Amino acid sequence: MKNIAIFASGTGTNAENIIKYFSRRETGRVALVLSNNPDAYVLVRAARLNIPSITFNRKDFYEKGRVLNALRLYKIDFIVLAGFLWLIPEDILRSYQGRIVNIHPALLPSYGGKGMYGERVHRAVIEAGEKESGITIHYVDGIYDHGDIIFQARCSVLPGDTVDTLAERVHELEYRYYPEVIEKLLTGNEVNQSGQEELK
Ligand code: GAR
């Protein structure tokens with residue numbers, strides 16, 4: 001049973017979905033939720049689901065090594081970013097090399113990078129007239145939305161789509177695939193690209 005930590009800055013629907021998924025599995029469990037934002041709704045979700053959480057500021061994270069200490073204290077094996085907006089510092093990247101993943105709500109390498117998160121991503125995709133979007137799950141390195149891609153799944157961008165309707169479609173892909181991909185990585189199983197075949 002591997003211990004998972006989830007980093008999230010916002011509402012935390014993916015975090016909740018992952019917590020619930022692993023509460024029914026023997027492969028891993030979410031042992032800690034971490035946020036840079038003390039007002040993030042993800043903290044309410046974690047409390048409701050009886051998952052311990054901690055918040056931290058920039059100094060704790062980038063200078064004092066307090067977050068790495070907490071990860072060690074909770075014996076965390078694997079780190080999942082779910083709507084987390086800060087870069088991961090060098091000490092954590094080194095200690096968890098190959099064991100930190102992120103999800104991005106578009107098909108990287110397009111529509112990623114600093115400042116590209118949540119609604120902004122979907123707005124950019126719609127404004128560019130793209131016919132498809134999707135999700136990208138990737139390893140995390142020291143650059144925003146940059147590490148090696150593990151898995152992508154696609155969905156259509158429909159005429160008349162708004163940021164909200166596209167976000168909903170992309171969220172469905174996130175809920176469906178992120179927990180399963182995390183589990184495959186935890187258990188050393190190959191992640192295949194079945195989502196790629198869902199092109200509509
Ligand atoms: C998710 O759609 C995730 O892909 C995105 O933030 C949202 C968080 O939603 N992440 C990024 O944009 C990272 N660049 P949630 O808080 O409801 O899970």
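We count ligands from 1, going down the list as the structure has it; atoms in each ligand are counted the same way. Predicted, not measured: the structure shown is a model, and the values here were computed from it.
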Short side-chain donor-acceptor distance under 3.5 Å, [Y] and [X]:
{"X": "R45", "Y": "T11", "answer": "yes"}
{"X": "E132", "Y": "S156", "answer": "no"}
{"X": "Y117", "Y": "S9", "answer": "no"}
{"X": "Y62", "Y": "E90", "answer": "no"}
{"X": "E183", "Y": "Y21", "answer": "yes"}
{"X": "N37", "Y": "S35", "answer": "no"}

Looking only at protein heavy atoms, which one is nearest to [atom], and what is the separation?
{"atom": "atom 10 (N) of ligand 1", "value": "I103 O, 3.6 Å"}
{"atom": "atom 6 (O) of ligand 1", "value": "G83 CA, 3.6 Å"}
{"atom": "atom 11 (C) of ligand 1", "value": "P105 CD, 3.5 Å"}
{"atom": "atom 17 (O) of ligand 1", "value": "T13 OG1, 2.5 Å"}

Would [X] count as a polar contact of ligand 1, with the cut-off being nitrogen or oxygen pairs under 3.5 Å?
{"X": "G12", "value": "yes"}
{"X": "H104", "value": "yes"}
{"X": "N14", "value": "yes"}

Determine whether the side chain, the backbone, both or neither of D145 has a heavy atom under 4.0 Å from any heavy atom of ligand 1.
side chain
Part of E174 with heavy atoms under 4.0 Å of ligand 1, whether side chain, backbone, both or neither:
side chain
Sub-4.0 Å heavy-atom approach of G118 to ligand 1:
yes
Measuring from non-hydrogen atoms of H171 to any atom of ligand 1, is the shortest distance under 4.0 Å?
yes
Determine the interplanar angle of the F84 and F7 rings, folded into 0 to 90°, and report it as parallel if under 30°, tilted if 30 to 60°, perpendicular if over 60°.
perpendicular
Quick one: CH2 on W86 to OH on Y144, what's the gap to the nearest 0.5 Å?
9.5 Å
Pull out every atom of ligand 1 sitting under 4.0 Å from any heavy atom of T11, numbered as shown with elements.
15 (P), 16 (O), 17 (O)
